[in-house]
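Remember, predicted model here, so these are calculated numbers, not experimental data. All values below were derived from every heavy atom in this structure, side-chain atoms included, with hydrogens, water molecules and symmetry-related copies excluded. Here is how names work: the chains are called A, B, and so on, in the same order as the sequence lines, proteins then strands, and each is numbered from 1.
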Amino acid sequence: MNSSRRQKQRKVLLMGKSGAGKSSMRSIVFSNYVAKDVRRLGATIDVEHSNIKFMGNLMLNLWDCGGQDGFVENYLTHQRAHVFGSVAVLIFVFDIESREFAADVVSYSNIIRALSECSPSAKVFCLIHKMDLVQARLRSQLFEERSEYIRAASETFKDTVDFFPTSIWDQSLYKAWTQIIYFLIPNAATIEGLLRQLAEVIDARELILYERTTCLMVTHVTRDEESQNPFTDRFERISSILKTHKQSMAKHTNIPPGSANFAEMQIKTGRFMFFITRLTENTNLAAAIPPSEQVFNAARINIMLARSKFAELDIANKPRPGLQQAFASVSMGNSGEGDGDGRGEDFGV
Amino acid sequence: MEDLPDADIPPSPVQPRYHTGRFPNNKAGDGKPRLLLMGQRRSGKSSISSVVFHKLPPSETLYLETTTRIKKESMHSFMDFQVWDFPGHLDYFDPAFDVDNIFDEIGALIWVIDAQDEYLDAIVRLNATILNLQQTYPNINVEVFVHKVDGLSDDFRNEVIQDITQRVMDELSDNGYENAPVSFYSTSIYDHSIFDAFSKVIQKLIPQLPTLEALLDSLCRNCHIEKAYLFDVLSKIYIATDTSPTDIGSYEICSDYIDVVVDVSEIYGWDRGDEEAQARNNENAINDAESLITLEKKSNNYLYLREINKYLALICLMGDDSPADKKPLIDYNVGVFQEALAQVFPRGEK
């Protein structure tokens with residue numbers, strides 16, 4: 001395991017042409033904006049830094065880089081080492097509606113070149129944004145074409161760059177950011193292992209761990225037949241549902257959106273029971289269980305009892321190197337067992 | 001890519017995949033109260049019916065084609081009704097049209113006016129329509145939706161509504177109709193105002209409304225409920241609420257809450273085949289979906305939802321003096337309410 005991946009501060013660059021939607025995206029995911037509020041945002045001047053505490057042990061150091069040509073020129077020349085040094089992730093946003101796509105890609109490859117010089121081990125995510133503006137039947141084809149074209153210009157990152165179609169008007173935004181976040185979480189495999197144990201104990205069909213402020217999924221465990229659930233995009237759908245609900249609660253109760261958290265939500269029907277409750281300081285746990293009051297009540301109590309165990313993983317307030325070492329070995333062990341989806345190995349790459 | 005909603009094909013009625021689902025039932029729509037949607041072309045009629053009855057995201061209505069012929073849509077819910085979407089360019093009082101066929105049996109005429117556009121022409125046509133109707137069908141409620149108000153400032157919005165109201169009322173009284181059943185609403189598909197307006201239109205067509213309100217009132221009084229709504233789950237129209245003052249805020253939060261419950265139910269309520277039959281045999285299985293949200297900042301129950309029958313759900317904003325340990329009591333009282341409702345409203349029983 002690469003020791004730099006254990007850093008608590010991860011530098012994330014958010015770049016792309018002016019007006020592509022970088023700040024809008026950031027405001028929705030991290031600052032509790034709703035999609036229609038983003039038109040109030042002005043242009044980003046130079047770089048806006050934000051530090052986002054995520055899952056306690058992970059601090060995202062997000063650089064929202066203004067995309068006007070003058071600024072980009074400046075990043076590439078005077079500030080080259082400052083901007084592109086020690087980057088963990090570059091998120092490059094393309095506007096699907098852009099009239100000068102070729103020029104956008106030229107600018108992209110300049111940035112990629114600077115990145116491969118200063119931070120060769122960084123990971124690149126390309127978001128093809130504003131997909132809602134394209135007619136539904138043309139979307140996937142256009143997305144494929146653009147991705148291939150951009151991949152060809154990605155130089156040393158050609159094989160590792162990931163593409164996502166996004167729109168702030170639906171859950172595709174959450175899907176993309178969930179992947180980005182998953183890449184950044186250092187001990188995801190450990191969390192997943194613990195979650196799986198918990199799922200076995202309480203006989204849950206599915207457990208999903210969400211970060212509390214952003215409502216992004218951290219990880220999930222699906223058991224038995226729930227894996228046949230036809231809604232394969234359900235994780236980001238629930239993210240989006242929770243986020244929208246948070247807004248609505250905040251509006252009604254006059255609590256700022258950042259702290260309008262519910263303590264618990266239960267839904268009981270004849271086909272399933274579902275509840276979502278606080279697990280640790282930074283996470284909510286959603287559980288889908290069989291429709292039975294007994295299982296439901298037992299599950300609630302067991303989750304309450306498991307809280308302290310998960311809180312240990314949330315090492316926000318007590319950075320102990322020894323503990324991290326322990327996680328490293330556990331997570332190795334887990335990825336060795338192999339739960340089929342190969343997620344544990346991501347960190348070794 | 002399949003996550004993005006399809007804008008081109010008008011979405012079919014939602015398939016009843018979740019527990020609270022309703023069944024598309026394809027009986028011919030005769031004898032049902034009818035809602036007519038009329039107004040100038042491009043005033044937003046089709047957008048309204050798509051957003052309210054097909055759950056089309058408001059942003060997608062940009063792609064809707066102009067309506068060229070009368071579109072009839074049936075809604076099967078606590079009461080069946082039909083919504084007829086009229087193309088804007090038709091002249092209904094042209095002798096070539098079968099006026100009786102159109103206006104017979106209708107419950108309400110909804111006239112949509114684009115508040116952001118030059119509306120004088122629209123008012124002239126609206127006045128002509130109302131005057132015509134007053135002669136032949138004086139009992140039809142005329143509901144004027146001053147639409148697309150989202151783009152106007154609050155002051156200007158009120159001014160426009162006042163102006164339109166004034167012009168219509170003047171014309172009517174000039175012609176000697178003083179108490180014509182005409183009401184005005186400001187609406188927008190980008191917030192909840194369109195649902196609120198539709199709720200009020202439909203409530204006028206429910207003869208049992210006073211009884212429902214009395215039932216809800218007594219439930220609220222006995223359970224310390226701040227505000228209770230009886231919702232039609234599919235359309236998110238509320239068919240009754242208790243008689244305490246209503247504000248759009250509490251409607252919004254309840255309506256958003258329904259979205260949460262329905263969406264989650266859709267995700268996890270998929271058909272599991274044999275296991276479901278097993279659950280049905282299980283005597284402990286609950287029949288009516290229920291849901292509860294407690295807020296972190298308040299220790300009390302905050303929102304309570306209970307499925308009342310196939311179509312309706314009761315949503316309560318709980319008062320501060322209604323602690324969580326009283327929930328069994330509330331459950332019981334809601335059960336009583338449910339039985340009473342079944343007597344008033346025989347439709348929609350399981």
Could you tell me whether the side chain of [X] and the main chain of [Y] form a donor-acceptor pair under 3.5 Å?
X      : Y      : value
B:Y190 : B:V149 : no
A:K243 : A:V29  : yes
A:K175 : A:F164 : no

Margin query: What residues of residues 244-252 of chain B make heavy-atom contacts with chain A at a cutoff under 4.5 angstrom?
Written below: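 Against chain A, the residues of residues 244-252 of chain B that fall inside the cut-off (heavy atoms, under 4.5 Å) are B:G249, B:S250, B:E252.
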
Item checked: A:E206, part contacting chain B, at a heavy-atom distance under 4.5 Å ->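 Just its side chain gets close to chain B.
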
Notebook entry, point to check: Less than 4.5 Å apart, any side-chain heavy atom of A:Y182 and any of A:L216?
Noted result: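 Counting from C-beta outward, A:Y182 and A:L216 never come under 4.5 Å.
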
Check: With side chains defined as the heavy atoms from C-beta onward, is the minimum distance between A:Q266 and A:F296 less than 4.5 Å?
Finding: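 Yes, their side chains come closer than 4.5 Å.
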
Check: Picking from B:L305, B:L62, B:D263, which has the most non-hydrogen pairs under 4.5 angstrom with chain A?
Finding: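 Answer, by heavy-atom pair count under 4.5 Å with chain A: B:D263.
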
Note to self: For A:F163 together with A:F94, are the ring centres under 6.0 Å from each other?
What the structure shows: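 When the ring centroids of A:F94 and A:F163 are compared, they turn out to be at least 6.0 Å apart.
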
Notebook entry, point to check: For chain B, which of A:L242, A:N229, A:I238 has the most heavy-atom pairs under 4.5 Å?
Noted result: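 Top count of heavy-atom pairs under 4.5 Å with chain B: A:N229.
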
Next item on the list: Answer yes if the side chains of A:Q171 and A:D233 hold a donor-acceptor pair under 3.5 Å, and no otherwise.
Entry: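 Result is yes, a qualifying pair exists.
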
